[in-house]
There are 2 protein chains.
Amino acid sequence: MELSERKQKILKVIVDLYVRTAEPVGSKTIAAQPDMDYSSATIRNEMAELTNLGYLEQPHTSAGRIPSAAGYRFYIDRLMQDYRLTTDETQSINQAMELRMQEFDRAMSQVGKLISQLTNLPAYAMTAHTGGTTVKRFEILPADRGSFILVVMTTDDTVRNKLIKLPLQVTDGDLKLLSAVLNASLTELPAESFTPELIDRVTRSAGAAAGLIPIIVDFATQMLEQCSRAQVYVTGQNRLLGHPEYQDLTKAQQVLGAIDEETISNLPAKLDPKSPMQILVGPENVSRELKDTSVVVTRFDIGEGMQGMIGVVGPQRMDYAQITARLSYFAEGLGRMFSKPELPGTPAKAEENTED
Amino acid sequence: MELSERKQKILKVIVDLYVRTAEPVGSKTIAAQPDMDYSSATIRNEMAELTNLGYLEQPHTSAGRIPSAAGYRFYIDRLMQDYRLTTDETQSINQAMELRMQEFDRAMSQVGKLISQLTNLPAYAMTAHTGGTTVKRFEILPADRGSFILVVMTTDDTVRNKLIKLPLQVTDGDLKLLSAVLNASLTELPAESFTPELIDRVTRSAGAAAGLIPIIVDFATQMLEQCSRAQVYVTGQNRLLGHPEYQDLTKAQQVLGAIDEETISNLPAKLDPKSPMQILVGPENVSRELKDTSVVVTRFDIGEGMQGMIGVVGPQRMDYAQITARLSYFAEGLGRMFSKPELPGTPAKAEENTED
DNA sequence: TCTTAGCACTCACTCTCTCTGAGTGCTAAA
DNA sequence: TTTAGCACTCAGAGAGAGTGAGTGCTAAGA
């Protein structure tokens, strides 16, 4: 059954007010709203019906109404107005994005922090590699005496390096041979195919620098593994405490405990792969700890078989319109930033790495 | 004035009990302690004196006593017994350390998590580079068509790379020339000396691949900058909430707000550079938000002008003996792990990086 | 038929008051 | 010097009364 125009209007007012004040909304307050031309009694009747229909809840007999999960859902799907970012907001977001992102990883964690700050809620950011990656290319450079730099590039254009220190005297020719062997034997293979037999064969043909092989294979395996694993950053947990629904410490702890890296990294499985922006209201979250908590998440493509996800976690009562607007803006910017081919002067679509 | 043996004994019992129970300790409880051969009245007298001397505090007239900051300090400096790690503990620590640490950064964040878990307190881990770093070596490798991998190695043996995508056709010879020029002109220089004039000169002598120069310089600058900046990881903030002293949300928030990355990264300045393990009890912390909060921190060297720091933040009432024991064990292990020269099969003392 | 005014009712919250008991300080005896 | 005893203090728990925001229902008005 379709809600009457008036019921929708009342529901919307209730959600809007409740999101702002965190107090149950009474019929009188609603009647006092501008553009609300009915008496409190009429509104009371409508509210009673909305309650029967499951869109509202009453904490106790003599309190006003608050939206139920279904009420939020209806609001999100049907009533929510587009929130327009203010110039200030876009400016501060743009500024933050311009901050030189040396690494993709670090960029994501920065973004998480910023979102958390803007929304005053805990935020998370994660990257996930989608395809099966293999090594595209090995490169070995001599560094100091007895040190080598190993550079590995994978099919998803991740490049990593490692400084290897081994008391080993090898010539440039040895290294050339070694990298030729590696490139011939170990590229385009998933980590699973690095069998002992294969490694053994490679080692035998590697000549003087064969001592490097175990380290190289180890490193490549780790790297491929790591590429397939999602990376998650959670920040701003403490902001949760600012919201009245988490004044109850037990609850706050439960929720904080539930939004650690592990849990979040399992989130994507539960999401509809089609729509980029998703809102999970309270009980729609599968985990029991989050049954009074909402999750808003958006995805964006960063090319090369990689995806990014950013989102926030907060009370059901949150300003969905504002938050979705901000998240989209961010996601768009990040997507643009990281999937563009590199141009001089543009912040790179790249990540780097340290080696010690 | 030196405290009598008996006073010390009583103080120690009070700290031990209070750490365990978080309840003010009364004279009767103390008298009931095994090995305590005085009546509650005697103990009351002693407690009154200890209070006068500033080692104890009384929350209100009819409550027991709790240690003051000075009391904790005395306990830490004089009374604390060495805590012996149980086999279980060392095992779980060792296990965690064996987990393959692909990157130093990641290792530190893992360690932070583990400490937080073991101590049930928020923990932080940070790395700081101590010396002024310069670039030791540039290397440029062609990757795909129009892609190059830039590898930069600094004097502290950090190696980073970056994938550069530029629609540029260059020969191997061009790249050789380019890296020769870079190595000749930009190595052994701090980031400050990368003046426009210098860059200009380099660009002019770089030949066909000069288009890469701005990106390379940019990258090198960022990298040097980043090396000199401390990296901080804070985890387990939510564990703070489990402790009764932070049941008051305002307080919990204050403290959580105060232990973000920035604040922590300023911590080392306040520490005595000589002693590796340090405990800041309540008011000994400079920041006002932490006046009821203690910080335990330990440092360890990881060679190459780098230092690591791990620590925890918690209520004054914490089991200092246990915590310092665990931290030392960790610090020792980490120090060993990361300052050893690399051997085949050993987890590397290295860090890597991703490039996308 | 829909809307609204009016009224009795409900119930969370706040405030006050009392009671309880853990813990103290002091005194005097051992 | 130690200890038993006693009067005193005071936070915290619990009970009871008062308050007021908000409700549902009824009956009158449009």
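Letters go in sequence order (proteins before strands), and every chain restarts at 1. The figures here come from the full heavy-atom set of this structure, side chains too, leaving out hydrogens, waters and symmetry mates.
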Over how many whole Å does the gap from [X] atom [atom1] to [N] atom [atom2] extend?
| X | N | atom1 | atom2 | value |
| --- | --- | --- | --- | --- |
| A:Glu23 | C:dA12 | CD | P | 15 Å |
| A:Glu49 | D:dG24 | CD | C1' | 13 Å |
| B:Leu56 | C:dG25 | CG | P | 11 Å |
| B:Asn52 | C:dG25 | CG | P | 9 Å |
| A:Lys7 | C:dT3 | NZ | P | 10 Å |
| A:Ile43 | C:dT3 | CD1 | P | 11 Å |
| B:Tyr38 | D:dT3 | OH | P | 8 Å |
| B:Glu46 | D:dT2 | CD | C1' | 11 Å |

Under 3.5 Å, N/O pairs linking protein and nucleotides 16-20 of chain C:
none

Who are the side-chain contact (heavy atoms from CB on, under 4.5 Å) partners of [X], not counting sequence neighbours?
| X | value |
| --- | --- |
| B:Glu23 | B:Thr21 |
| A:Asp292 | A:Lys251 |
| A:Gln278 | A:Leu271, A:Asp272, A:Ser275, A:Val297, A:Arg299 |
| B:Lys9 | B:Asp35, B:Met36 |

Are there over 12 heavy-atom neighbours, none belonging to [X], within less than 6.0 Å of that residue's [atom1]?
| X | atom1 | result |
| --- | --- | --- |
| A:Arg84 | CZ | no |
| B:Lys28 | NZ | no |
| A:Asp82 | CG | no |

Contact state string [nucleotides 14-23 of chain D, B base, S sugar-phosphate only, - no protein heavy atom under 4.0 Å]: -------BSB
Closest to the A:Ala48 side chain, choosing from D:dG24, C:dT4, D:dT3: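 So the nucleotide nearest the side chain must be D:dG24.
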Under-4.0 Å side-chain N/O to phosphate OP1/OP2 contact, B:Arg6 with D:dT1: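 Answer no for this pair, as no side-chain N or O of B:Arg6 is under 4.0 Å from OP1 or OP2.
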Salt bridge (Lys or Arg N to Asp or Glu O under 4.0 Å) assessment of B:Asp16 paired with B:Lys12: CA-CA 6 Å; B:Asp16 283 340; B:Lys12 178 166 185 315; 2.9 Å; yes
Verdict with supporting geometry, A:Arg78 and A:Glu2, salt bridge (Lys or Arg N to Asp or Glu O under 4.0 Å): CA-CA 12 Å; A:Arg78 312 281 304 277; A:Glu2 188 56 21; 3.0 Å; yes
Given DNA chain C, 5'-ward residue of the pair A:His60 and A:Thr42, judged by closest heavy atom: A:Thr42
